[in-house]
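Each remark here refers to the structure printed beneath this line.
So you know, we letter chains A, B, ... as the sequences are listed, proteins then strands, and number each from 1.
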Amino acid sequence: MNCSKTLKTLAALISATSLAGCIGSPLPSGSEAQLYRWQQLDAPLVARSGIESTDYNGYFDGDFDFSGIAAGLSVGQADMNAPYLLKSCADQACYYAVLYPADFDWRDDGLIGGFAALTPLSTAMYGDVKDLPAEQVRPRLDALAAAVTTTDGPRDYAGFIKLDYQRAPADQARVARLEESANADAAIQAGELPSLQALLDGAITSTGDLQAPTDFVFSSAWDLAVDVNVSGRMEGAYLALCAEFKATGAEHYWVNYANCRLKTPLAEGSFQDSLRMSASVDSLLAVLIPLANPTAREYHLWQRAEDGDSFEVR
Amino acid sequence: MRIARAVAACLAALGTPALASAPFDACPNEAFLVQDSVARLYGVDLSTGYYSKLSTNMGVSNKLNAIGFNYHDAYLYAWSYAHKSLARIGKDYQVEPLSLSFQPDSNYYIGDVSVLENAYYMYRKGNSEAHGLWRISLDPTAENYLAPQRIRAGGSLWLNIFDFAFHPEQQMLYSVDNRGRLITIDPATGDYTLGNNVGQRGTFGAVYFDVDGRLYISRNKDGVIFQIDVSSENPTAIKYAQGPASANNDGARCALAPVVPVDQEAIDFGDAPDSYASSLDANGARHSLEGSSLRLGERVDGESQAYPAPLADDTTDQDDEDGVGFITELAAGETGVVEVTASDAGYLNAWIDFDRNGRFDAAEQVANAQALTAGSNFLSFTVPVWTESGASWSRFRISSVANLGATGGAPDGEVEDHPISLFNGGVTTSHYPSADGFVTLAFEDLWPSRGDYDMNDLVLHYRTAVSTINNGDSEDDAKLVGISISGEITAVGATFHSGFAVAIPGLRRADAANASVFFEINGEPQADSPLENSWNPDSDVVFQITRDVWDQVTTAEGCSFYRTEANCGGSSVQARFSLNVRFSDTVSAATLGDALFNPFIFATAGYQRNSIFPTPPGRELEIHLKNRAPSIHADLELLGRADDRSAQEASLTYQTAEGLPWALEVGTEWQHPGEYQDLVQTYPDFIHFVLSGGKTHQTWYLPENAVQDKLYKD
């Protein structure tokens, strides 16, 4: 046996010299697991078969030993914080886990130490992030991990992925939010990716059930970068950036100038600033008025859905 | 009102004699005006000058004149040129000539009916036997009923007047002659006195009194109606309303009726404080809504009386101030641009109280009979260099009448009064979330113990504004001109007593030492400054809005909380606050924090709090939005107690071990949960918002995303 676990109850039993890089699995021994680069599922980097173990009453049956894969892989520094996907299927039931090399111990002897677990929750989490670009995966996984784990121990993804809650009572206690993860397993057995959102929905019945990252402040406010520059084509201009308006004809609007976000003279025809915005504001109208001839005003419409977080007028 | 009761009794005693037409139903508020060579009768709302035709066919083919209203029998009486006799007019407006015991050989154009006796008086200057001051009894029981009696020969009563009216409480006739002199006539003798000049000349063909003894005179050539307080030491004609012009004009009204809007919902008043003249008593700006559909913008609300600020109904009822848009801020020496939207062609007169003296002075008129076209119009003007910085008011009036003053009635159109801010120089003003919008702040007050998450222990609507001026080259050169914070308390679902305050991150207490602070609650200036003192001049400024929100709101009968339980609050918000700070010193704006600032609640001194506090913790207990810093007044030893897991050194504050907050900023005017209704149960999308780290379901708080029966509703 050359796998070890984070299980406190078993820790003392595991040889200090055991190899690591082991991935816990609910699949039967002999199953195959493949490791992929993110969103390159057509070509696995390596594959391993699930081990058969008689130790500890077959506790490690079906686990995958990836401790020795480093020798065959070219893993640069940039790859250490990139997501990798581990996938293992038996019949139509597929389990997934997103792994990061940096979460494992790259030892001087060339082996990899550390643990992770393929579980229904890791599979559901993959389902949640599978369409995200690589750089957005980890923040999302951290948020999801915080949502499903308790305060006893790390609540980021690195802590979560080591939990083998299906087999370890202590870990199950830490995954306090989703005792109904059997529902996720049922979905997997049916060949589906379970919806973590649906699991969370069923598990959260009060605000006190929620968990949030320490730096999340519960505000929908965001910043709009405003960049106006009409120098050279409009002299003595004034800018009103207004939130309440409606089109009354081609290139004409009714504007409630008593409900604007910003009013400013344009110094040398330009204005740049970052404005805090309420999430309820999804459009703004910039009215540019030459003070010497107000009828020659210009309207410029910004819509968040189309223009994003910046508003540029030239 | 003793006289009114006597009149009512008299009317009842008369019974229903056999008359050709029925009397008027009551003492009407409107004035009657008879015009034209073939008599036509008009009703005039003296409060605005609005008039409407009552009858174009009164059954005569000639003029009527010398008209008066008789409160003793509720008929109009007038001299009929066709019959060369006195005539009676009932509510069908048909002329019924009366048979006088003899008919003087003349026609009369001055007449009225006495309030204190049932008799008609008429007058015409001249030397013939028919001229002079006459009395005709209208009392059917009197021996001299309908027997003309000359009181004074015309040759000895030579007055250039064109109508007169009986005072409601004195047995005296009043008029104004063509030179503007106030004239009083004793009807018993015909003796008269010449009073002072009221300041207006002309032919005043219609003269009326109201129940308060104020005289109204209508000038034929231009229809202007003036009001004169005849009881004052120096009676003066004040322009009151714009009525109809006519070469042939005579008026009557029930002198026991007050001058009030004839139609209770058909007048638009201004909303500015009454120092600007908004109420009827102050001869406020007002427009009849019956005259035409000429409006500023689209909306207008008819009122029976004015609601001058701070009682203005724009915050509690429909806001009809939608026709005037201040495109630019108003800064001394700069160009001001205003967009005025007119429903139809008309004239604009407008004023801005630049010197902030509480009046609209002649030098402050920015539009003088400016012709408007239907739709959008622009008004440009130079803001005077003598403009005083601060909060002020403006007034915009549209009418078919070209020359309106800042006060008085108008027969059509609309008045819009707008509160404004005046600045000393060209400023940039940034509002959050917008100048007229709100975000909501919702607090749980059990900190440092976990709350029940109904998020309604204190709920406020909240907005801010920052005004800066920048004469330099970079953003760092911006100087702070003003800060505004305003809001309204929308719910208090708390048994604890908490105050509300706002810290301004990046603005040092020392920078505010010489600032001018204007603080109002419900429009009333507050004597006590909200600026908290600090032992550290480098600490952030803190403005204390209220030391106890329970001082600002009152629960409904039988209720424990304010606007969190069903049927416990009412539809209107009780407490609104407005804080404006103007900086005269050079204060950099570069270090200011985000536009929300740092709003928080604190424990009110002297009131018990959580059981973990053996004594009231007082002002030093603060509850902020998550990861906002406690103020210099907070007791930092309280952080980390009970369920709080603040780590101030890491800027992680006011959160539980699960990262949950005690306060939320919600991005709109929020419908908060009812008492004991959990936030997640009320707004299920909040779960996804939190689990996504704020990336999805950002509008979880919109009413369409709520479980309706868990919301607080009025």
*Would you please classify the geometry between the B:His418 ring and the B:Phe396 ring as parallel, tilted or perpendicular, with 30° and 60° separating the classes?*
perpendicular
*Salt-bridge present (B:Arg463, B:Glu669; N to O < 4.0 Å)*: no
*Among B:Gly437, B:Ser376, B:Gly659, B:Ala647, which residue forms the greatest number of heavy-atom pairs with chain A at distances under 4.5 Å?*
B:Gly659
*Go through the atoms of B:Gln698 and report whether side chain, backbone, both or neither lie under 4.5 Å from a heavy atom of chain A.*
both
_Counting heavy-atom pairs under 4.5 Å with chain B, which one of A:Cys242, A:Ala258, A:Ala243, A:Pro139 comes out on top?_
A:Ala258
*Heavy-atom distance under 4.5 Å to chain A: side chain of B:Val439, backbone, both or neither?*
side chain
*At a heavy-atom separation under 4.5 Å, does B:Leu596 approach chain A through its side chain, its backbone, both, or neither?*
both
*Under 4.5 Å, counting heavy-atom pairs only, tell me which of B:Thr335, B:Val666, B:Asn627, B:Thr699 racks up the most with chain A.*
B:Asn627
*Could you please spell out the steps behind the side chain to side chain contact (heavy atoms under 4.5 Å, CB included) verdict for B:Val340 and B:Leu372?*
CA-CA 8 Å; B:Val340 180; B:Leu372 299 180; 4.0 Å; yes
*Out of A:Ala292, A:Ala221, A:Ser206, which one racks up the most heavy-atom pairs below 4.5 Å with chain B?*
A:Ser206
_Which portion of B:Tyr432 sits near chain A, non-hydrogen atoms under 4.5 angstrom_ = both
*Check whether A:Tyr238 gets within reach of chain B through its side chain, its backbone, both or neither, counting any heavy atom under 4.5 Å.*
side chain
*Among side-chain atoms of B:Tyr683 and B:Trp670, is any donor-acceptor pair under 3.5 angstrom?*
yes
*Can B:Arg628 and B:Asp594 be counted as an ion pair, charged N to O under 4.0 angstrom?*
yes
*Under a 4.5 Å heavy-atom cut-off, does chain B meet the side chain of A:Leu275, its backbone, both or neither?*
side chain
_B:Glu339, part contacting chain A, at a heavy-atom distance under 4.5 Å_ = side chain
*asked:* Hydrogens and angles aside, do B:Asp644 and B:Ser646 bring a side-chain donor and acceptor to less than 3.5 Å of each other?
replied: yes
*Under a 4.5 Å heavy-atom cutoff, which of B:Leu702, B:Leu660, B:Val338 has the most pairs with chain A?*
B:Leu660
*Which answer fits B:Leu664, side chain, backbone, both or neither, if we ask what part of it has an atom under 4.5 Å from a heavy atom of chain A?*
side chain
_Could you check whether A:Arg138 pairs with A:Asp103 (Lys NZ or Arg NE/NH1/NH2 to Asp/Glu carboxylate O, under 4.0 Å)?_
yes
*Specify which of B:Lys695, B:His697, B:Arg450, B:Gln655 makes the most heavy-atom pairs with chain A at under 4.5 Å.*
B:Gln655
_Heavy-atom cut-off 4.5 Å, strictly under: side chain, backbone, both or neither for B:Leu652 against chain A?_
side chain
*Do the side chains of A:Val313 and A:Asn229 get nearer than 4.5 Å, heavy atoms only?*
no
_Top contributor to chain B contacts, counting heavy-atom pairs under 4.5 Å, from A:Asp142, A:Val217, A:Val255_ = A:Val217
*Would you kindly say whether B:Glu658 and B:Thr656 are connected by a side-chain donor-acceptor distance under 3.5 Å?*
yes
_Tell me which of these, A:Leu262, A:Val287, A:Thr214, has more heavy-atom pairs under 4.5 Å with chain B than the rest._
A:Thr214
_Heavy-atom proximity to chain A below 4.5 Å, by part of B:Tyr701_ = side chain
*Which atoms of B:Ser380 come close to chain A, meaning under 4.5 Å heavy atom to heavy atom: side chain ones, backbone ones, both, or neither?*
side chain
_For a quick check under 3.5 Å, do A:His300 and A:Arg314 share a side-chain donor-acceptor pair by atom type?_
no
*Of all of B:Glu329, B:Glu334, B:Gln681, which one pairs up most often with chain A through heavy atoms under 4.5 Å apart?*
B:Glu329
_Side chain / backbone / both / neither for B:Ser467 at chain A, heavy atoms under 4.5 Å_ = neither
*Counting only heavy atoms closer than 4.5 Å, note whether A:Arg140 contacts chain B via side chain, backbone, both or neither.*
side chain
*Does any heavy atom of chain B fall under 4.5 Å from the side chain of A:Ala240, the backbone, both, or neither of them?*
side chain
*asked:* Pairing donors with acceptors under 3.5 angstrom, does anything connect the side chains of A:Arg304 and A:Ser283?
replied: no
*Side chain, backbone, both or neither: which part of B:Arg645 has a heavy atom under 4.5 Å from chain A?*
neither
*Hey, which of A:Leu239, A:Leu241, A:Thr264, A:Asn256 has the most heavy atom pairs under 4.5 Å with chain B?*
A:Thr264
*Pick one of side chain, backbone, both or neither for A:Trp254, based on which atoms fall under 4.5 Å of a heavy atom in chain B.*
side chain
*Is there a donor-acceptor contact under 3.5 Å linking the side chains of A:Asp209 and A:Thr207?*
no
*Should we count CD of A:Glu268 as having more than 12 external heavy atoms under 6.0 Å?*
no
*Would you say B:Glu416's side chain and B:Gly323's backbone share a donor-acceptor pair under 3.5 angstrom?*
yes
*Using the ring of each side chain (for Trp, its six-membered ring), is A:Tyr253 parallel, tilted or perpendicular to A:Phe245, with breaks at 30° and 60°?*
perpendicular
